[in-house]
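Everything on this sheet refers to the single structure shown next.
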Amino acid sequence: MTETSGAETDLEQLRRGTDLLKRGFAQMQKGGVIMDVVNPEQARIAEEAGAVAVMSLEAVPADIRKRGGVARMADPAEVEEIVEAVSIPVMGKARIGHTKEAQILEAVGVDMIDESEVLTPADDAYHIDKRDFTAPFVCGARNLGEALRRIHEGAAMIRTKGEAGTGDVNQAVYHQRTIKGAIRELEGMTHEEREAYAREISAPAELVHETAEMGRLPVVNFAAGGIATPADAALMMHHECDGIFVGSGIFGAENPEAMADAIVQAVNNWDDPEALAEISKNIGKGMKGDANVDLPEEEKLQGRGV
Amino acid sequence: MSVTAGVVAVQGDVAEHAAAIARAAARYEESVEVLEVREAGLVPECDVLAVPGGESTTISRLLHDEGIAAEVRDHVAAGKPVLATCAGLIVLSSDARDDRVSPLGLVDVAVERNAFGRQAESFEAPLAVSGLEEPFPAVFIRAPVIDEVGDAEVLAEWDGRAVAVRDGPVVATAFHPELTPDARLHGLAFFE
């Protein structure tokens with residue numbers, strides 16, 4: 001018991017909302033699949049399939065794309081229903097730069113906030129100052145400069161932007177390769193070359209040095225944007241992502257239960273082709289999707305929030 | 001002789017445990033090889049085993065699906081050391097009070113998942129741990145508590161509730177020793 005120990009626990013020394021706790025929460029998601037859900041029933045299906053968390057939103061990105069108009073944070077009452085429906089963490093999306101939506105999501109009790117380009121940006125110049133929050137944030141990035149700027153603002157997790165709602169994994173691959181390629185380049189640079197590189201990509205020099213020394217982003221790095229099949233998820237793990245967000249790919253599929261279950265298993269077995277073959281059999285059709293090459297530039301979401 | 005340490009790697013903070021094991025081994029001047037366990041067949045090669053933090057529903061499901069669960073039981077039955085943290089504690093408990101988790105019954109305690117609340121209630125604090133001279137920097141993330149202790153020794157309490165126990169070869173904590181540079185708990189579980 002504690003009496004036999006040389007010290008006593010002092011309850012007053014408790015601290016909340018530290019970087020260690022925010023980044024630690026993200027680290028607990030590693031090797032997992034985070035699924036987009038729009039209602040409690042979908043959230044329960046995701047939990048049952050082995051999702052590590054759910055992303056609660058009003059409509060999946062593919063539907064947001066089709067519908068057009070302004071995409072905003074979901075109704076807090078609906079987010080609350082999802083929070084109450086499952087035992088796994090619940091995340092919510094706020095518009096880029098929309099500090100108030102983020103505060104509302106934090107007040108509702110979401111475990112992580114996604115400052116997301118899938119919603120219509122509220123601020124063209126600034127992202128949310130995420131250091132002010134107790135809740136951890138995840139942000140999208142297409143390249144190392146975007147990733148390190150978001151981390152500097154307080155993001156505890158980075159995900160590729162990909163091209164959300166397309167079901168085309170092409171852009172997620174491109175963004176992950178771009179980030180990893182830049183880190184490999186950094187590793188071969190001298191101190192002053194890294195300083196110059198930091199200026200070139202408009203990133204804080206200390207984060208550039210930290211990334212170079214670690215040989216990876218200093219926070220958890222997930223894949224997102226266009227992942228639609230178990231093979232897509234495995235491909236992103238092959239590209240050294242720490243885990244996977246699946247948006248429209250689950251509930252836009254013919255058989256969401258089978259797809260959700262298969263993607264969870266594929267992430268654990270990403271380097272075993274025979275297991276992947278078994279996992280990919282008879283799970284129904286994936287979401288139809290739109291090939292990224294056919295998408296007009298003005299319909300792309302990934303350019304939002306640099 | 002080199003120690004083979006397995007880290008159950010179906011989901012969770014695996015690299016952090018691998019790094020903590022390496023730090024603990026260096027402290028005890030042991031050489032160690034770390035294996036990531038994502039499939040059956042590897043646990044029997046391991047001298048010691050870490051079950052990481054993560055999502056207990058996911059880890060529980062994949063441990064059973066992949067056939068690793070039975071191997072972990074055999075490992076403990078053989079008296080080989082295990083360190084289980086947070087979700088690991090839940091998965092190894094005898095009662096998770098939640099039918100979304102199928103616990104292995106290797107630590108004789110009942111746990112309550114997310115007992116402190118959601119992420120906003122996650123906290124860090126120095127914690128007195130039996131067997132350690134100085135308090136341990138404990139990191140609780142959506143952590144469980146142990147609300148009933150059977151045939152197990154309580155190693156630490158937070159506000160009157162058990163948060164670390166030893167049951168035979170298994171040390172289990174509600175917090176995450178792998179998230180701090182302090183390797184004493186990995187040392188206590190594996191090398192003492």
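Fair warning: this is a prediction, and the values are worked out from it, not measured in the lab.
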Review point. Does any heavy atom of chain A fall under 4.5 Å from the side chain of B/Arg142, the backbone, both, or neither of them?
Key: side chain
Review point. Who wins among A/Gly32, A/Gly17, A/Gly50, A/Ala53 for the most heavy-atom pairs under 4.5 Å with chain B?
Key: A/Gly50
Practice item. Name the region of A/Val83, side chain, backbone, both or neither, that has any atom closer than 4.5 Å to a heavy atom of chain B. Key: both
Practice item. Examine whether an atom of A/Val90 lies under 4.5 Å from a heavy atom of chain B, and if so say whether it belongs to the side chain, the backbone or both; otherwise answer neither. Key: both
Point to revise | Side-chain donor/acceptor of B/Asp108 to backbone N/O of B/Ala152, under 3.5 Å | key: no
Revision key, fill the gap. If one checks every heavy atom of B/Arg113 against chain A at 4.5 Å, the contacting part turns out to be side chain
Study note, to complete from the structure: Given the options A/Asp111, A/Ile34, A/Val79, A/Met91 meets side-chain contact (heavy atoms from CB on, under 4.5 Å) only with A/Ile34
Exercise for review: Mark yes or no for whether A/Glu47, through its side chain, and A/Ser87, through its backbone, hold a donor-acceptor pair below 3.5 Å.
Suggested key: yes
Point to revise | chain B contacts, top residue of A/Val52, A/Thr134, A/Val33 (heavy-atom pairs, under 4.5 Å) | key: A/Val52
Point to revise | Interface moiety of B/Ile141 toward chain A, non-hydrogen atoms closer than 4.5 Å | key: side chain
Check your understanding: Does the A/Asn39 side chain pair with the main chain of A/Gln42, one donor and one acceptor, at a distance under 3.5 Å?
Key -> yes
**Study point:** Most contacts with chain B, counted as non-hydrogen pairs under 4.5 angstrom, among A/Ala135, A/Ala275, A/Pro136
**Key:** A/Pro136
Practice item. Using atom types as modelled and distance alone, determine if a side-chain donor or acceptor of A/Arg216 lies under 3.5 Å from a backbone N or O of A/Val219. Key: yes
**Study point:** Lys NZ or Arg CZ of A/Arg131 over A/Phe137 ring: under 6.0 Å, within 45°
**Key:** no
Check your understanding: Where on A/Ala51 is there a heavy atom nearer than 4.5 Å to chain B: the side chain, the backbone, both, or neither?
Key -> backbone
**Study point:** Residue pair B/Glu124 / A/Thr18, side-chain donor-acceptor N/O under 3.5 Å
**Key:** yes
Review point. So B/Phe175 and B/Phe140, would you call those rings parallel, tilted or perpendicular, with 30° and 60° as cut-offs?
Key: tilted
Review point. Does anything in residues 19-29 of chain A get under 4.5 Å of chain B by heavy atoms, and if so which residues?
Key: A/Leu20, A/Leu21, A/Lys22, A/Gly24, A/Phe25, A/Gln27, A/Met28, A/Gln29
Check your understanding: Residues of residues 55-74 of chain B under 4.5 Å from chain A (heavy atom pairs)?
Key -> B/Glu55, B/Thr57, B/Thr58, B/Arg61, B/Leu62, B/Asp65, B/Glu66
**Study point:** Main-chain N/O of A/Leu217 paired with A/Asn221 side-chain donor or acceptor, under 3.5 Å
**Key:** no
Exercise for review: May I ask you to name which of B/Gly53, B/Ala138, B/Ala164, B/Ser122 has the most heavy-atom pairs under 4.5 Å with chain A?
Suggested key: B/Ser122
